[in-house]
Amino acid sequence: QVQLVESGGGLVQGGGSLILSCVVSGGASSMYVMGWFRQALGKEREFVAFISRSGGRTNYADSVKGRFTISRDNAKNTVYLRMNSLKPEDTAVYYCAAGPAPVGKESEYNYWGQGTQVTVSS
């Protein structure tokens, strides 16, 4: 059973930075495309970024492009999301997900973490 556990969320002032981590267990992370999604209160969950199995390909939502960086360390079965220049509108629960295909479509991801809260104050 593949399990994903996120960490690193918290409260940060606008303009600040955070690094989220997602540890994969029950299977090698290198088998999966890894994605980050987020859900703000009262809104639908949305795509943030994904990274290919080798890490050679990444893709980002327009709203975070240039500010967020997704990376992975397959030796540690861990995926990261570095978030810079945070804005209050980045406030959401951030979810890590694993799936077979390098796409930003939520339904293509089979495994999900429990989420970690990120709150950005103005």
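All residue numbers in this chain count up from 1 along the given sequence.
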Exercise for the section: Determine whether E106 and W112 make a side-chain contact, defined as any pair of heavy atoms from C-beta on separated by less than 4.5 Å. Expected result: yes
Exercise for the section: Step through the shown structure and confirm whether more than 12 heavy atoms of other residues, nucleotides or ligands are within 6.0 Å of CD on Q114. Expected result: yes
Completion exercise
Closest non-hydrogen contact found for A92 with A40 is CB-N, 3.8 Å
Practice task
Indicate yes or no for a side-chain donor-acceptor contact from R53 to the backbone of P100 under 3.5 Å, with no hydrogens or angles considered.
Solution key: yes
Exercise for the section: Would you check if Q117 and T119 make a side-chain contact, meaning some heavy-atom pair closer than 4.5 Å? Expected result: yes
Fill in the blank from the handout: Nearest heavy-atom contact between K65 and Y60 is CE-O, 3.6 Å
Practice task
Treating Ile, Leu, Val, Met, Phe, Trp and Tyr as nodes and any side-chain heavy-atom pair under 4.5 angstrom as an edge, say whether I51 and L4 lie in one connected cluster.
Solution key: yes
Problem - hydrophobic_cluster_shared for V64 and Y94, side chain cutoff 4.5 Å - result: yes
Handout entry: V118 side chain reached by M83 side chain, heavy atoms, under 4.5 Å
Key = yes
Exercise for the section: Find out whether the Lys NZ or Arg CZ of R45 is both under 6.0 angstrom from the six-membered ring centre of Y95 and within 45° of the ring's axis. Expected result: yes
Exercise for the section: Using the salt bridge (Lys or Arg N to Asp or Glu O under 4.0 Å) rule, collect all pairs that involve residues 5-18, keeping only residues at least two apart or in two chains. Expected result: none
Handout entry: T78 side-chain N/O to K76 backbone N/O, donor-acceptor pair under 3.5 Å
Key = yes
Practice task
Report the residues that fulfil salt bridge (charged side-chain N to carboxylate O under 4.0 Å, His left out) with K43, sequence neighbours left out, ordered by chain and then residue number.
Solution key: none
Exercise for the section: Spell out, as yes or no, whether a donor-acceptor pair under 3.5 Å connects the side chain of Y109 to the backbone of V103. Expected result: yes
Below 3.5 Å, can you tabulate the donor-acceptor pairs from side chains in residues 8-35 to any protein atom, sequence neighbours excluded?
from : atom 1 : to  : atom 2 : distance (Å)
S17  : OG     : N84 : OD1    : 2.9
S29  : OG     : N74 : OD1    : 3.3
S29  : OG     : N77 : OD1    : 3.1

Handout entry: side-chain contact (heavy atoms from CB on, under 4.5 Å) between L81 and T69, intermediate numbers included
Key = CA-CA 6 Å; L81 185 69; T69 303; over 6 Å; no
Exercise for the section: Report the C-alpha separation of E46 and R38 in whole Å, then their side-chain angles, then the decisive distance to 0.1 Å, and conclude whether the side-chain contact (heavy atoms from CB on, under 4.5 Å) test is met. Expected result: CA-CA 5 Å; E46 64 176 4; R38 67 185 182 185; 2.6 Å; yes
Problem - Single-linkage hydrophobic cluster V79~F50, side-chain heavy atoms < 4.5 angstrom - result: no
Practice task
Answer yes if V48 and V120 sit in the same cluster of Ile, Leu, Val, Met, Phe, Trp and Tyr residues linked by side chain heavy atoms under 4.5 Å apart, and no otherwise.
Solution key: yes
Exercise for the section: Indicate, with yes or no, if the rings of F68 and W36 have centres closer together than 6.0 Å. Expected result: no
